[in-house]
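Chain naming here is simple, since letters A, B, ... match the order of the sequence lines and numbering starts at 1 in each.
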Amino acid sequence: MTWAAPLPVVIPIVGAAFLAAFGTWLPPRIKDVVGVVAAATSAVISLLLMHHALGGYVVHWFGDWKPKGGVAIGIAFAVDPLGAGAAALGGVLTVAALAFSWSYFDEARHYFHVLVLVFLGAMCGFALSGDLFNMFVFFELMGVSAYALTAYKSEEQSPIQGALNFAVTNSVGAFLILIAIGLLYGETGALNLAQLGNTLAGHQVDGLVVVAFTLLVAGFLVKAAAVPFHFWLADAHAVAPAPVCVLFSGIMVELGVLGIARVDATVFSGVLHADQDAIRSVLVGVGVATGLVGGVMALLQRHLKRLLAYSTICHSGLFLAGVGLLDPKALAGTASYVLAHGLLKGALFLAAGVLLSELHSIDELALRGRGRALRATGLVFVVAAIGLAGPPFVGTFLGKSDIEEAGVHAGLGWMPLAFTVASVLSTAAILRAGGRVFAGWGPARDATLTPLPDEEPAAGLGRARRWQLVAPAAVLAAAGLAVSLVPGLADGSERAADLARDRGAYVSAVLESRRAPAPPAPPHEVTASSIAWATAGTLAAVALAGVLLFARRRPERVAARPLVLALRAVHSGHTGQYVTWLVGGAAALGALFALLL
Amino acid sequence: MTLFPYLVAGWILLAGLYGVATSRNLVHLIICLTVAQSSTYILLLAVGFRRHATAPIFGDIRPGHRVVDPVVHALTLTDIVVSATVAALLLSFAVQAQKRFGTIDPDELRAMHG
C-alpha cells in the first residue's frame, strides 16, 4: 500500500488547485461538493493507511529514490498508525467544517474551500512525513493557510489583529525549527529522520545537540500553544470563523505535540538516551502548567470562542504532559484523548457558530437566556462539555485515565489530581457559559469576565436552515462521546504507540525496508481509581459551574485579585510582547536543558 | 570551519527579533521578521560552505571539481519562497489594519486582550 501514502496530501491539494483555477465559474454547490469529497477521500485513505500501518511502517520514497546501503538519498513518507490517525482526524474534521460552512456563510468565496483544502493537505503531510525538512515545509504551509483563514473576515478589526499575532509568533517558531534543522544537517549531513537518529546515536551529547533539541521543541511548542508560547491561540480562535476553529483546535494544535513526540522518538531518543528522565520532567512540567493556566483563563472569558480557545490550551497542555511522559501507554492515551477532544471541541465550536448565525452574538452575557429556543444546540453544547470532562467510559475518559495511570506508574503520583483540576476548571467554564446562554441561569453581569471590544457583530452570515448547522455539530458530539467505547481503540492505540516509540523499528523500516508489525498489546484494564477520579472530576466540574452561576459572590473582588490582574495583563494582544515571551521561553527551555542534559 | 558566519546568523536573528518585539509600525515589524528569517539563509549556506569550491551547477565545470553542498541551496531557496509568501500575506494584513483601524501601530490595535 506504499503507493497510497502520499494520497492524503495529494488529493486535497489537487482539489484546492482545481477550485482555485475553476472556482469562479462553478456554481457554489459544486464547490461545496468538491471540497467535501476531497476531504472525505483523504480521510478514508488515511484510515486505510492507519489500519495497514499497524502491520508495520508504510514507507514511500518519492521518485523511487530508495536508500542505498542504509543511507537515505531520497525523500520519504514514513506512515505510522499515529500519524495516519492524525491525518484521518484532520480529514474528518475538515468534512464537518465544510459541511457546516455549506450554509453558514452567505456565499463562501471559493478561496475559503481552497484554503481549507490546502490546510488539510499540509497537516496530512506534516503527520506522514519522514523527513525533517519536509516537516518544516508542511509546517509553514499549514501556517500560511491558517493565517489566511484566520483573517477570512478581513473587513473587521479583530480578525486582522488576531491573524497578525498568530502569523508573527508562529513564523518565529518556524525559524527556530529551521535553525535546528540547519544545525542538525551540518552535524550529520542528513535530513531523513531515521538517518538523523542513527548518525546522532553515536555522538556525545554536546552543545549542538542540546541547542538543536531545544529549538525544535520550542518551535513545536509554539504550535502546541504551551505556556509561555500560547498567547496567539486565544486571539486566533476568537476571530477565525467557527468552522475554521474546529480545525485549529481539533488537529492543528495537536500536530505540534505530535511533532515533539516524533522528533524525540526518531531523532533524539538514541543520543539523549540517558537523559530521558530530565526531558520527561521538563515536558510534563510545562504541560501541566499550560493545563492550569488555560483552565483559569477559560474561567475569565465571556467571548464564547475565546473561552473554548483557552479550554483548548488547557487540554493541549495535558496532551503535552501525556507525550512528555515518554512512555508508550501514555502516548497511546494521548492519541485517544486527542481523538475525543478533537471531535467534542469541534462540536462546541460549531455550536458557538450556530449561536453566531442565529442570534448574532458570541457574548455569554449578552446571550443570557436567548439560547432557550435552540434546544438541540444547547444539548450538543452541554453534552460535549461533559464529554470533555470525561465521566467513566464517556468522551475523553479512556485517554485521560491511561495517561494518569502511566504518570502514577512513572512515580508522579500527583498527576491524576493535576489532570482533574485542569479539566474541571476548563469544563466548568464551558458549562457555566452553557447554563447562562441556553437556560438563562446566573446573573446578567459578571465583573470577573473580560469585557469585549465594541465591535459590530459578525456580518455576512447566511440565512441557514438551522438543522444544517446543528447536524454536523451533533454528529461530532455523538462520535466524540463514543470514543471511549470504540472496541479495539485502546488496544490499537497502544500497539501504535509502541511502534511509534521504537526507534529500532523505525530505522529498519525506513532504511532497510524491513517492516515489523506493531507488537501485541497487553490486555487493557480500567482501574477503580481512574473511574473514581473521572467521576469526581465530572461532578466537581458541574458543581463549580453551579457555584459560578448561583452562588452569591463578589465578582469585583475576584477581578481585583493580583493573579487575575497579572494573567489579564500578560494576555495583552500585543505581538511584540508575545514574541518577547516566546524568545524568553525558548531561552529558559534552553537553560533548563543545558543544566539537565 | 570558521565560527564567524554562525555568529553573524545569530546576531541577525536577535536583531530581527528585537525589532519585532519593539516595533511601533506594522510594516517595520514585518520587515524585521524577514530580517530574522534571513539569518536562517546565512546559517544554511554556512553549513554547506566549502573553501575553494564553486557553485554546484554541473553544466560547465569538470567532474570532480570541488563544489559546495547543493542540498543547503535547495533548502535556502525553499526558505526564501516561504519567507516571501508569509511577508506578502502579512503586508496585506497591514494594509487591512490601516483601512480598518486607521493605524499600523501595534500598540494601538486594541481589539483583543485578556
Side-chain angles (χ1 to χ4, degrees), chain A residues 133 136-137 140-141 143-144 147-148 151 154-165 167-168 170-172 174-176 178-179 181-183 185-187 189 191 234-235 238-239 297 300-301 303 306 449-453 455 567-569 571-580 582-583, chain B residues 1 6 9-10 13-14 16-24 26 29-30 32-34 36-37 39-49 69 71-72 74-76 78-79 81-83 85-90 92-102 106-107 109-114:
Chain A
F133 188 73
F136 163 78
V137 173
E140 278 283 29
L141 182 61
V144 172
Y147 314 149
S154 61
E155 318 71 56
E156 291 159 41
Q157 290 191 345
S158 37
I160 294 298
Q161 192 186 357
L164 267 169
N165 292 348
V168 171
N170 278 261
S171 296
V172 175
F175 301 167
L176 302 185
L178 184 59
I179 293 170
I181 293 173
L183 294 175
Y185 180 76
E187 185 73 8
L191 291 168
D235 295 352
V239 299
M297 286 305 294
L300 300 178
Q301 305 304 317
H303 185 299
R306 205 168 163 83
L449 305 182
T450 305
L452 293 193
E455 197 173 352
L567 276 175
R568 266 211 185 111
H571 293 82
S572 59
H574 189 281
T575 312
Q577 289 175 14
Y578 290 0
V579 171
T580 313
L582 198 167
V583 174
Chain B
M1 192 171 83
Y6 298 94
L13 176 71
L14 291 179
L17 289 179
Y18 175 79
V20 172
T22 58
S23 181
R24 298 291 308 271
L26 280 180
L29 186 151
I30 293 158
C32 287
L33 196 69
T34 57
Q37 183 151 24
S39 71
T40 59
Y41 312 153
I42 296 180
L43 174 82
L44 287 171
L45 294 180
V47 159
F49 181 75
D69 185 346
V71 172
V72 293
L75 303 192
T76 311
T78 314
D79 190 13
V81 173
V82 167
S83 156
T85 316
V86 173
L89 186 65
L90 280 170
S92 78
F93 292 165
V95 171
Q96 285 293 331
Q98 173 66 43
K99 280 189 191 160
R100 304 301 154 203
F101 290 82
D107 295 354
L109 305 183
R110 297 196 176 281
M112 263 181 307
H113 62 92

Go through the atoms of L89(B) and report whether side chain, backbone, both or neither lie under 4.5 Å from a heavy atom of chain A.
side chain

Less than 4.5 Å to any heavy atom of chain A: does that hold for the side chain of L75(B), its backbone, both, or neither?
both

Counting only non-hydrogen atoms closer than 4.5 Å, does V168(A) touch chain B with its backbone (N, CA, C, O), its side chain (CB onward), both, or neither?
both

Counting only non-hydrogen atoms closer than 4.5 Å, does V82(B) touch chain A with its backbone (N, CA, C, O), its side chain (CB onward), both, or neither?
side chain

Is Q301(A) reaching over with its side chain to a backbone N or O of M297(A), donor-acceptor style, under 3.5 angstrom?
yes

About how many Å separate OG1 of T34(B) and OH of Y41(B), when rounded to the nearest 0.5 Å?
7.0 Å

Under 3.5 Å, is there a donor-acceptor pair between the side chain of T40(B) and the main chain of Q37(B)?
yes

Pick one: which of Q161(A), H571(A), R306(A) meets side-chain contact (heavy atoms from CB on, under 4.5 Å) with D235(A)?
R306(A)

If one checks every heavy atom of L191(A) against chain B at 4.5 Å, the contacting part turns out to be side chain

Residue A163(A) versus chain B: region with a heavy atom under 4.5 Å
both

Apply the test side-chain contact (heavy atoms from CB on, under 4.5 Å) to residues T450(A) and R568(A): give CA-CA distance (whole Å), side-chain angles for both, the deciding distance (0.1 Å), then the verdict.
CA-CA 8 Å; T450(A) 305; R568(A) 266 211 185 111; 2.9 Å; yes

Heavy-atom distance under 4.5 Å between the side chains of L43(B) and L183(A), does that happen here?
yes

If you count heavy-atom pairs under 4.5 Å with chain A, which of T22(B), V86(B), V71(B), V72(B) comes out on top?
V71(B)

Per-residue contact mode, D69(B) against chain A (heavy atom under 4.5 angstrom):
side chain

Between chain A and each of V81(B), D79(B), T85(B), count heavy-atom pairs under 4.5 Å; write down the option with the most.
D79(B)

Please check: side-chain N/O of D107(B) versus main-chain N/O of R24(B), any donor-acceptor pairing under 3.5 Å?
no

Heavy-atom distances under 4.5 Å only: say whether F175(A) touches chain B with side chain, backbone, both or neither.
both

Can you tell me how far apart CZ (F93(B)) and CG (L26(B)) are? Round to the nearest 0.5 Å.
11.5 Å

Counting heavy-atom pairs under 4.5 Å with chain B, the top scorer among F136(A), Y185(A), Y147(A) is Y185(A)

What distance separates L44(B) CG from L178(A) CG, expressed to the nearest 0.5 Å?
5.0 Å

Toward chain A, the part of L14(B) with a non-hydrogen atom under 4.5 Å
neither

Heavy-atom pairs under 4.5 Å with chain B: which of L164(A), T575(A), V144(A) has the most?
L164(A)

